[in-house]
Amino acid sequence: MIQVANLVKRFGDTTVLDGIDLAIDQGEIIVVIGPSGTGKSTLLRCLNFLERPDAGQLTIGDLDVDVTRASRADILAARRRTAFVFQNYALFANKTALENIAEGLIVVNRWPQAKAHARAREILSRIGLADKADAYPASLSGGQQQRVGIGRAMAAQAEVILFDEPTSSLDPEWVEEVLALMKQLAAERQTMLVVTHEMGFARDVADRVVFMEGGRIVEQGPPSQLFNAPRDPRTRDFLRKVLAAQPAISPS
Amino acid sequence: MSVLDFDYMVGLVPILLRYLPLTLAMAAAGMALALVLACGLAVIRVLGIPGLNGVTLLFISFFRGTPLLVQLFLFYYGLPQVLAFLTQINGITATIMGLTLHFAAYMAESIRAAIVGVDRSQTEAALSIGMTNGQLMRRIVLPQATRVAVPTLMNYFIDMIKATSLAFTLGVTELMGATQKEAAGSFLYFEAFITVAVFYWVIVELLAWCQRRLETRLNEAYRR
Ligand SMILES: Nc1ncnc2c1ncn2[C@@H]1O[C@H](COP(=O)(O)OP(=O)(O)OP(=O)(O)O)[C@@H](O)[C@H]1O
Ligand SMILES: [Mg+2]
């Protein structure tokens, strides 16, 4: 169970997150959509303390902190409870696929190397890359790199995996394999908070879709409701634009 | 005496070889110490630690902005006058100290550039899984920065080997000091100095060869 209350983030004079309230149940799959520059990435980054929020209360599992008072230990605790999948994969270039996945287990969870590598091998076969264990990121395709990125997040056994536009940097040919892996995780009821422009994924996989604009949550609901009967004019306006670009999934 | 005295030059080789270890030892010690110091300075610069950052900039500016020879004289002749416990500083120690500080100032900037060059998103990825800054540096950033910095650092090592010849001005009998003595005895200055020049040249070429091989290997790294 994750709860965000009145989360605020400013960069200088601009308020990028303007009091976000969001509760995520265990096993829930939430997709966040919204125009560019609306604060979607910033929201995810604040949950992981890659950005330091200016106000708000954050509850992740047994951790409950006022973000303005978060100590180093609180920040590490929040990071252990959230895993991040980056748009540009951000794999460790000096580590093989196996080592990328095992790294956190060894360094952060202090597992012995053998145990961590055994777990990493399990994950590699779940993400369909068992044969790439010893490959470095530079020799993997974009799709394979992002699957390793997801594998690294899976290894952390976090309360929630945060995906920031996981398919946006991919060549079109690799998008499907990454979405397929995310669907597989969703089917296993891995709690996920996904920022994406893939409306088909949102429609098929999300339990709830959150529409953000201007640093606020404008509207949220199950995909059937949000896509078919959006209440707020801003949501309607946004959906009209993106669905025009992705006609395959326009409302029937 | 218009023709080179080859027999003299050949005879000089075994004599000079006896002083080669000291030259190499001073360079090796200077390099090892300079590397440690330079890494520290580079990390201070990268993290921008308040206070220390300013001191580091001043240090780098001074040791890059003044001649190595001046620095060596400062340590050898000057320091004992102001620091009572250094009533006498040995020429070898002063040389290693000078080489360390002088080259650390240059190397710190190369190492800093290599660290900053490591893709920032990897830093975020490491932090996002709960690594501390220290773990991030040791396991992700420094190994990658090293590969970038090594060729440049090898150049500094080559420079440092040549710079050890300044130790003779502090009365150290290393390669250059020994040659100077031999030449003063025989008056065959050209033969003596061309011989020692070839000594340095061969050492440097050997190292440059190692450097090229290393670079090829480093370029292949992380690509399997
Ligand atoms: N480090 C930063 N410093 C200053 N401004 C920033 C910083 N990061 C983000 N911003 C600003 O905050 C706003 C929200 O950015 P954010 O990246 O969260 O948007 P987004 O919804 O993820 O957009 P996109 O769909 O383009 O990824 C933008 O106006 C952006 O310019
Ligand atoms: Mg974004």
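Residue numbering restarts at 1 for every chain, and letters A, B, ... go by the order of the sequence lines. From a predicted model like this one, the values you see are computed outputs, not experimental measurements.
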inquiry  = Could you go through N94(A) and R147(B), starting from their C-alpha distance and side-chain angles, then the distance that decides it, and tell me whether this counts as side chain to side chain contact (heavy atoms under 4.5 Å, CB included)?
reply    = CA-CA 10 Å; N94(A) 60 327; R147(B) 306 223 161 206; over 6 Å; no
inquiry  = I'd like to know whether S128(B) forms a side chain to side chain contact (heavy atoms under 4.5 Å, CB included) with F86(A), so could you lay out the CA-CA distance, the side-chain angles of the two residues, the decisive distance to 0.1 Å, and finally the verdict.
reply    = CA-CA 10 Å; S128(B) 83; F86(A) 296 85; 3.8 Å; yes
key: Check against side chain to side chain contact (heavy atoms under 4.5 Å, CB included), E124(B) and R45(A)   = CA-CA 10 Å; E124(B) 295 203 326; R45(A) 293 168 59 81; 2.7 Å; yes
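Applying the 6.0 Å contact sphere to CD of E215(B) captures more than 12 heavy atoms from other residues, nucleotides or ligands. Within a 6.0 Å radius of CZ in R64(B), more than 12 heavy atoms belonging to other residues, nucleotides or ligands are found.
Heavy-atom distances place both the backbone and the side chain of F92(A) under 4.5 Å from chain B. Looking at A156(A), neither its backbone nor its side chain comes within 4.5 Å of chain B, counting heavy atoms on both sides. If you measure heavy-atom distances from L140(A) to chain B, you find no contacts under 4.5 Å at all.
Closest non-hydrogen pair, Y136(A) versus Y222(B), comes out as CB-O, 3.2 Å.
Most heavy-atom pairs under 4.5 Å with chain B: of the set V107(A), L76(A), N109(A), T82(A), this distinction falls to V107(A).
Among Q144(B), R139(B), Q122(B), the single residue meeting the side chain to side chain contact (heavy atoms under 4.5 Å, CB included) criterion with K95(A) is R139(B).
For the atom pair CD1 (I106(A)) and CD (Q135(B)), the distance works out to 11.5 Å, reported to the nearest 0.5 Å. Annotation: the span from N133(B) atom CG to R72(A) atom CZ amounts to 7.0 Å, rounded to 0.5 Å.
Proximity of a side-chain donor or acceptor of N48(A) to a complementary backbone N or O of I129(B) within less than 3.5 Å is not detected.
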